[in-house]
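Contents: one structure, followed by commentary.
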Amino acid sequence: MPSLRARKAGGLVPTGVLALCLLVGPASAAALENRPEEPARASLESTLKAGNHQYLRGHFRAALREYERHASDLDCKLGMALCLVRLGHLDEARPLLLETFPLRQGNADLRDALRIVNDAEIDSLESEVRSLPAGDPAAAEARFRLGYLYDVNGYPLKAARTLVASTPPASMDLEQLLHVAGLYYSAARYEEAADIYLEAVTRSPAPQITRLAAVDALLAGAHYGRAEKVLDEVARMQPKQELDSRYAPVYLNSGREARARKLYEKLASDAEASADSCPDPRGSRLHAADCFLNARRYADAERVLDVLTRQGVDGKDLDVRRTRLLFEQKKFSQAIPIYAKYPEDVDLQISKGWALLHANRIGEARRTFEALGRDHPGFGKAEDGYRRSREAGPWNLLVTTALHRSDVASDSRKALSQYLTRVHKKTVMTLAHSSVQSVEAPPGPRGLKEEDYGLKVYHQLDSRNGLEIRGVLITSNDVGTDRGNAFGGQYYRFPRPGWVLGLGYDVSNYRVAHASQLTVSGAHSIDDKVKLELRGIFMNQELGPGRNVSRETSAARAGITYCPSRKLFVNFARWFGKTQFFYFPDGMYGLNTANLYKDGWSVHTFYELKPQLKLFGKYGRFPHSQERLVPSSVPGGPPAIRTTNHEVTLTSAGINVHF
């Protein structure tokens, strides 16, 4: 079909597709089938061929005259409408386009033509709606018309919102509600679609089916908790086993994998058993393969796919499942050639990029994601894949410089830290080094000089569990307090998507102190942009040469991370209580064990210059109590603690490089 997008730049660019579409379109076939006389059929085909010939040569008036010979035929009407658009007679073209639209909604050139003829009216109506009071009947009529035009022009979200603004859902009839819900679904606004479907339940002659439509929308939008609640309502009114196909993905994506797999196994067995007796054995076996894959019964999935192959089934439906089977079995090299058969399928090309990445063919993966991003600007999955391919090198280096400034000059410090990370399969190992020294030397022959050496190893045990061990060696010329070591570990649990729970324990030994620290943490990602964190720290310390001064402290850290874009994240954290911070397991550097850090706050940010290069910054303030052991005023008594209170500011900046 000729493209209509270039109308302002000199008109249409004809192609050879128009003639084929007009001659063999479904509406034309139906029209010809109802003509009893062969001469009439020949006359129509001759007219279409002549009109198409003139159209493709750019002779639009001559083409229009040819199409007008059979003006009642749908394909001729479409040809007339496209000619009128090319000739600039938009008002005459509009009714013909609208008449052909219901039977040719998938025709891209028809939609392009409708956009052209409706542009002026849409602009006019938008201005009218903005200028009229909200309660004006003319404004409501204009909004209703706008909703229709947005729908015709392929803007489902605008159409849905305009129709809702024109008529509140509570005042819509069933047909209107289902139409608006379908528009929201087409725009990938699945929760709004579910809301409208649930509004339609009270008007529907089949309320259970309408509720299930809401469930399907919620499942499409990954709102599994809410989908389960609606499913439970349906289950109270009909046998629950009829809902297994919807409960299974709910269980699978909410941490109840064992229950989900049992349901998928049952669904797969039922589908396979009924394959030979059902009207669509091929579809039934493909469904069985899907369920076996979801149940991770890979041998059974492969067996079903082999049966289909022996029966002569081939093509994309089989290849999609075959590649998923190979991918999940980590046979990436076997999957990649199958993906390559479908260069126009975006989802399969995304999967191909990840397969290349897992196969360590990083350059090819990067080029695949880059091409997808170029062909589909703004496509999030392509951008994520490209970023990961740029970060796919096994090494990561973070270098930071920090200034720990106190209003007591002798306690101000600066630190230069390096963190080198190596990723290998499910294991992440980090080597850390920090050099800490006084900003201004205190009275005496020398200032503070400290070197910290750390090692942290994290291993992903399975999809739900992870374990970390860590240790830091702290050397210092202040042998009385800062010199020592710390070691410990942390267990991580991923109960469901978006949740991380942690439980850690660390101990330290210094010359004049022994400390133990229990850490409890949790984090929840609300969506792609917002993450909430909460951490509790409980510490016990024994101070003094004889470990005869004991104290306990506790603190909590609440944080929120916001990612306004894929290139930036900002974290704000607030501390409550008191903690002695003998060492930071996140940053892996030590602080004086005889100090107390009280209520404070910090802001932490990363900004991505390139996928492999990020900038780091942090700023925080908190009260600080510096404590020193002094001899007891009572002869032979335990040492006392002398406290000095002051304010501490922490400023840090750094650079993060993947290679």
Side-chain angles (χ1 to χ4, degrees), residues 396 398 400 402 404 415 417-424 426-436 450-462 464-476 481-495 500-523 533-543 547 549-559 573 575-597 602 604 650:
N396 177 57
L398 173 63
T400 68
H404 185 272
S417 303
Q418 308 88 38
Y419 307 93
L420 181 63
T421 300
R422 175 75 162 89
V423 180
H424 179 67
K426 294 184 177 182
T427 302
V428 182
M429 183 176 67
T430 301
L431 295 171
H433 169 257
S434 292
S435 178
V436 185
E450 180 178 296
E451 299 285 337
D452 302 345
Y453 302 91
L455 172 65
K456 180 164 59 175
V457 179
Y458 172 83
H459 181 69
Q460 187 76 34
L461 301 172
D462 54 38
R464 299 294 185 201
N465 302 281
L467 188 63
E468 178 179 282
I469 57 172
R470 56 208 180 202
V472 177
L473 175 64
I474 304 170
T475 63
S476 172
T481 56
D482 284 17
R483 187 174 183 177
N485 57 69
F487 61 92
Q490 184 146 334
Y491 165 70
Y492 294 93
R493 174 70 177 170
F494 308 92
V500 183
L501 304 177
L503 179 64
Y505 187 75
D506 300 89
V507 296
S508 70
N509 285 288
Y510 292 80
R511 181 175 179 179
V512 294
H514 171 80
S516 60
Q517 176 173 292
L518 176 68
T519 304
V520 180
S521 62
E533 306 162 82
L534 184 63
R535 180 186 304 174
I537 296 177
F538 309 90
M539 179 180 282
N540 174 267
Q541 267 197 339
E542 297 172 351
L543 303 173
R547 307 288 198 269
V549 176
S550 179
R551 68 180 178 190
E552 294 182 352
T553 60
S554 61
R557 177 188 185 274
W575 286 99
F576 305 91
K578 300 177 181 179
T579 183
Q580 297 155 60
F581 281 154
F582 70 87
Y583 110 100
F584 278 110
D586 293 341
M588 298 185 66
Y589 60 88
L591 291 174
N592 194 310
T593 59
N595 294 344
L596 281 178
Y597 298 87
S602 67
H604 171 200
L650 177 64

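- Two residues are said to be in side-chain contact when any heavy atoms from C-beta on lie closer than 4.5 Å; Leu431 and Leu455 meet this criterion.
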Run the side-chain contact (heavy atoms from CB on, under 4.5 Å) check on Leu503 and Leu518 step by step: do they pass? CA-CA 8 Å; Leu503 179 64; Leu518 176 68; 3.9 Å; yes

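- Between Ser435 and Glu451, the closest heavy-atom pair is OG-OE2, 3.0 Å.
- Salt bridge status for Glu533 with Arg535: absent, with no side-chain N to carboxylate O gap under 4.0 Å.
- To the nearest 0.5 Å, the span separating OG1 on Thr519 from CZ on Arg557 amounts to 12.0 Å.
- Side-chain contact annotation: Asn465 with Tyr491, donor-acceptor N/O pair under 3.5 Å present.
- To the nearest 0.5 Å, the span separating CZ on Arg470 from CD on Gln490 amounts to 5.0 Å.
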Test side-chain contact (heavy atoms from CB on, under 4.5 Å) applied to Phe538 and Ser516, step by step: CA-CA 8 Å; Phe538 309 90; Ser516 60; over 6 Å; no

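- Looking only at side-chain heavy atoms (C-beta outward), Trp575 and Ile537 come within less than 4.5 Å of each other.
- Residues satisfying the side chain to side chain contact (heavy atoms under 4.5 Å, CB included) test with Leu501, not counting sequence neighbours, are Arg493, Pro495.
- Ile474 contributes atom CD1, which lies 8.0 Å from atom CG of Asn485 (distance to the nearest 0.5 angstrom).
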Output, in order, the C-alpha distance, side-chain angles, deciding distance and verdict of side-chain contact (heavy atoms from CB on, under 4.5 Å) for Tyr458 and Leu467. CA-CA 6 Å; Tyr458 172 83; Leu467 188 63; over 6 Å; no

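- Looking at Asp506 and Phe487, their side chains never come closer than 4.5 Å, going by heavy atoms from C-beta outward.
- The nearest pair of heavy atoms linking Asp462 to Gln460 is O-NE2, 2.6 Å.
- The two residues Ala402 and Leu650 come nearest to each other via the heavy atoms CB-CD1, 4.4 Å.
- Judged purely by distance below 3.5 Å, without hydrogens or angles, the side chains of Gln418 and His433 pair a donor atom with an acceptor atom.
- Among residues two or more places apart in sequence or in another chain, the salt bridge (charged side-chain N to carboxylate O under 4.0 Å, His left out) test is passed with Arg464 by Glu257.
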